[in-house]
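Written out below as structure tokens is the structure these notes cover.
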Amino acid sequence: MVAPDSVSPKHVTELRGEPLPAVPGVERVRVRQPTPGRSMLRAIVAVLLAFLVAAIPILMAGKSPITAYGSLMRGAFGSLDHIAFALNKSTPYILIAVGIGLCFRAGIINIGGEGQVAMGALAASWVALNFGGSPGLAVVLSLAGGAAVGGLWSGIAAAIRLARGVHEVLSTLLLNFVGVLVVSAALNGPMGESGFGFPQSPLFRDGVQLPKLFPGSELHVGFLIALTVAALAQVLLWRTRFGFQLRMLGGSRSAADYAGVSFAAGVMGVMLLSGGLAGIAGAVEVLGIHYRLIEGFSQGFGFTAVAVALLGAADPLAAVPAALFFGFLDAGALAMQREAGVPSSLVFVVQGLSIVFALCAMGLERQRSRS
Amino acid sequence: MRDGLGTAEESQLMDSLFVIGLLAAAVRIASPLFMGALGGILSERAGVFAVGMEGMMLAGAFGAAIATFVTGSSLAGLAAALFAGALLASLVAIAVTRFQADQMVTGLAINILAFGLTSFLIRGLFHGRPPVMRINLLGALPIPILSRLPVVGPLFFQQPILTYASVLLAVVLHLFLFRTRFGLVLRATGENPEAVYAEGHDPVRIRQLAVIACGAIAGLGGAVLVLQDVGTFTDGMTGGRGFLALAALIVGRWRPNGVALACLVFGAASALEVRVQGAGLPVSSYVVQMLPYVIALLVLTGLGRRTRMPQAMGRAFQMG
């Protein structure tokens with residue numbers, strides 16, 4: 001099978017109208033963007049297949065998949081409160097996944113979201129508890145602190161990659177464990193509230209919280225922040241020099257080198273950005289939901305966000321519907337466990353399966369376009 | 001202890017006992033890690049990243065716990081662990097070869113899937129609540145004569161049976177990889193699958209088998225954890241051991257003996273954690289818990305680019 005664009009061997013595809021210089025030795029540079037419709041179709045099919053296969057363990061548990069999925073849907077969309085709950089759940093996923101998606105674009109795999117969220121939340125909580133000025137300013141500084149320390153955490157992995165060539169998958173993974181343990185150490189030590197059985201910080205004082213969007217609803221401003229970040233990231237990726245460089249690095253390292261794009265600057269930049277966004281996600285969780293730092297609150301965020309970024313085809317705007325899907329899935333699964341007695345960990349089965357199916361589809365597309 | 005022993009000598013004796021005890025614990029703690037990493041050697045030597053080891057070990061732990069709990073036989077537990085790990089790995093094998101899915105992210109997805117599936121089934125199969133399991137742990141099995149040797153005895157010859165099994169497996173694996181033709185072909189698949197194809201072998205099939213074997217052995221690693229250390233199944237009980245095994249692979253340069261050493265270092269760090277907690281030292285136990293991960297990170301950073309990984313790792317084999 002011959003794809004139309006592979007007829008001429010010396011042909012260089014263009015990135016959205018920006019022509020690449022011809023690179024000696026590089027026959028074709030493949031940085032084509034699949035049409036949004038196609039990647040959305042792929043995501044939907046992957047998710048439907050995942051639900052279909054996940055019916056097997058439900059049957060093994062002696063339950064009816066139809067009842068289970070029915071209560072899942074009701075739990076997700078049943079009332080305005082449920083919807084607000086799900087949107088709040090989606091918020092950190094959007095923030096982290098936008099960053100991870102930008103990393104994917106540059107060919108970098110950042111799976112350290114969990115550690116970056118934990119460290120960001122730790123810094124944000126420290127600021128929220130210790131800053132004495134006006135509450136509004138405290139919230140802003142707390143968000144900034146979260147971004148800074150989240151970025152620091154991913155920056156370590158980027159620095160190790162650049163200086164010593166250790167793959168970021170390993171360093172970000174190992175830093176997850178360290179970050180989560182740092183939070184535990186803080187909560188069981190200097191930042192903990194004594195006299196409680198559970199490791200948590202004291203409550204933030206009144207006003208040091210993210211405001212709600214509507215009176216009477218739990219939906220907080222963090223959701224708007226996340227949407228804004230996704231829109232800005234879209235502009236960054238497609239309309240700025242930095243975004244162009246990221247796409248070049250991910251498309252072809254040799255073409256990027258030839259064009260004078262710095263690998264080090266790209267990797268460090270995108271990792272700092274991604275870690276910073278994860279740190280903001282951590283800050284949003286403590287300022288918007290818990291009003292304190294709680295041990296173990298960050299569990300699973302990083303990996304779920306990888307799934308979100310992947311189903312969104314590493315497109316910042318497409319991360320929003322993908323994150324909403326997982327947020328509603330989380331909310332629905334809790335109801336499913338309550339009402340139908342089907343364990344909520346089914347969420348992770350659906351997550352894992354949908355990533356595998358999406359990856360298989362992407363692999364197939366690559367094979368087709370190559371042959 | 002005789003009366004004549006001075007205090008200095010006494011504390012020295014205590015110190016050496018402490019160190020021997022620590023190292024013996026390190027060997028025991030390293031066992032599940034080591035068994036898992038042996039599987040990873042097969043997968044990565046054939047050119048497939050073994051990021052999914054955490055999930056395969058977890059699946060093995062689940063299989064071992066359930067089967068031993070239901071049948072009362074740890075042999076059945078081992079068989080179930082082998083099967084569960086291999087089953088999960090066959091999904092990886094198909095995805096990364098037939099579909100050429102990204103190996104790293106597929107591994108991650110498998111970990112998420114294994115976490116969800118085991119956590120779901122441990123409740124679902126037992127009417128919504130995880131059963132209370134008290135599996136009798138496999139105790140130390142001293143080897144006659146050898147176990148009475150000073151230092152070496154308590155370290156290596158007073159261990160539980162699966163620890164011996166992991167060492168045996170390591171020897172077999174070493175001979176297979178470096179002394180047989182099949183081993184050579186497997187290693188070549190990780191370096192240059194096109195050449196292997198030109199020689200008339202099927203790199204796709206070889207990779208599939210290597211990944212499935214990796215799953216089976218990693219599953220055994222999970223069984224070691226359940227049958228020798230924990231005695232029950234809890235959600236996500238592997239707690240990053242699969243990732244540490246992955247680091248051990250790199251640090252140990254994809255050779256059974258190097259990987260053994262790396263696992264021992266990580267094991268010693270964990271053993272230290274238990275002892276620091278027991279001794280009431282003024283160090284936060286959380287800081288000590290970070291040790292294995294921090295050490296892994298430091299060693300990887302120290303080695304840097306000197307680790308030469310199999311050349312074709314992560315790259316799908318494309319015919320023609």
Relative to chain B, which segment of [X] carries a heavy atom at a distance below 4.5 Å: side chain, backbone, both, or neither?
X: Ala358(A); answer: neither
X: Met362(A); answer: neither
X: Ile160(A); answer: side chain
X: Ile111(A); answer: side chain
X: Val166(A); answer: side chain
X: Leu181(A); answer: both

Between [X] and chain A, which part of the residue has a heavy atom less than 4.5 Å away: side chain, backbone, both or neither?
X: Leu297(B); result: both
X: Ile250(B); result: side chain
X: Leu117(B); result: both

Please rank Phe49(B), Phe126(B), Phe115(B) by heavy-atom pairs under 4.5 Å with chain A and give me the top one.
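That would be Phe115(B).
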Check each of Phe69(B), Phe233(B), Phe120(B) against Phe62(B) using the ring pair (Phe, Tyr, Trp, His ring centres under 6.0 Å) test, and report the only one that passes.
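Of Phe69(B), Phe233(B), Phe120(B), ring pair (Phe, Tyr, Trp, His ring centres under 6.0 Å) with Phe62(B) is met by Phe233(B) alone.
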Heavy-atom pair count under 4.5 Å with chain B, highest-scoring of [options]:
options: Val350(A), Asn176(A), Val347(A), Ile355(A); value: Ile355(A)
options: Val356(A), Asn188(A), Val306(A); value: Asn188(A)
options: Ile58(A), Leu173(A), Val169(A), Val342(A); value: Leu173(A)
options: Ala361(A), Ala61(A), Ser354(A), Ser344(A); value: Ala61(A)

Check each of Ile94(B), Val96(B), Leu88(B) against Val92(B) using the side chain to side chain contact (heavy atoms under 4.5 Å, CB included) test, and report the only one that passes.
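With Val92(B) as partner, side chain to side chain contact (heavy atoms under 4.5 Å, CB included) holds for just one option, Val96(B).
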The single option from Val294(B), Leu298(B), Leu300(B) passing side chain to side chain contact (heavy atoms under 4.5 Å, CB included) against Leu174(A)
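Only one option passes, and that is Leu300(B).
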Side-chain contact test, heavy atoms from C-beta onward, threshold under 4.5 Å: evaluate it for Leu249(B) versus Glu44(B) and give yes or no.
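A side-chain contact under 4.5 Å exists here.
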Where is the tightest heavy-atom contact between Thr301(B) and Arg164(A), given as atom of each residue plus distance?
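So the two residues come closest at O-NE, 2.7 Å.
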Can you list the residues that meet the salt bridge (charged side-chain N to carboxylate O under 4.0 Å, His left out) rule with Arg205(B), with sequence neighbours excluded?
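Not a single residue meets the salt bridge (charged side-chain N to carboxylate O under 4.0 Å, His left out) criterion with Arg205(B).
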I'd like to know if Asp235(B) pairs up with Arg123(B) as an ion pair, taking the criterion as any Lys NZ or Arg NE/NH1/NH2 lying under 4.0 Å from an Asp or Glu carboxylate oxygen.
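Counted as a salt bridge, because a side-chain N and a carboxylate O are separated by less than 4.0 Å.
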If you count every heavy atom of other residues, nucleotides or ligands that lies below 6.0 Å from Gln299(A) atom CD, does the total exceed 12?
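No, because the 6.0 Å sphere around CD of Gln299(A) holds 12 heavy atoms or fewer from other groups.
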Does a donor on one side chain sit under 3.5 Å from an acceptor on the other, for Thr238(B) and Glu54(B)?
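Result is yes, a qualifying pair exists.
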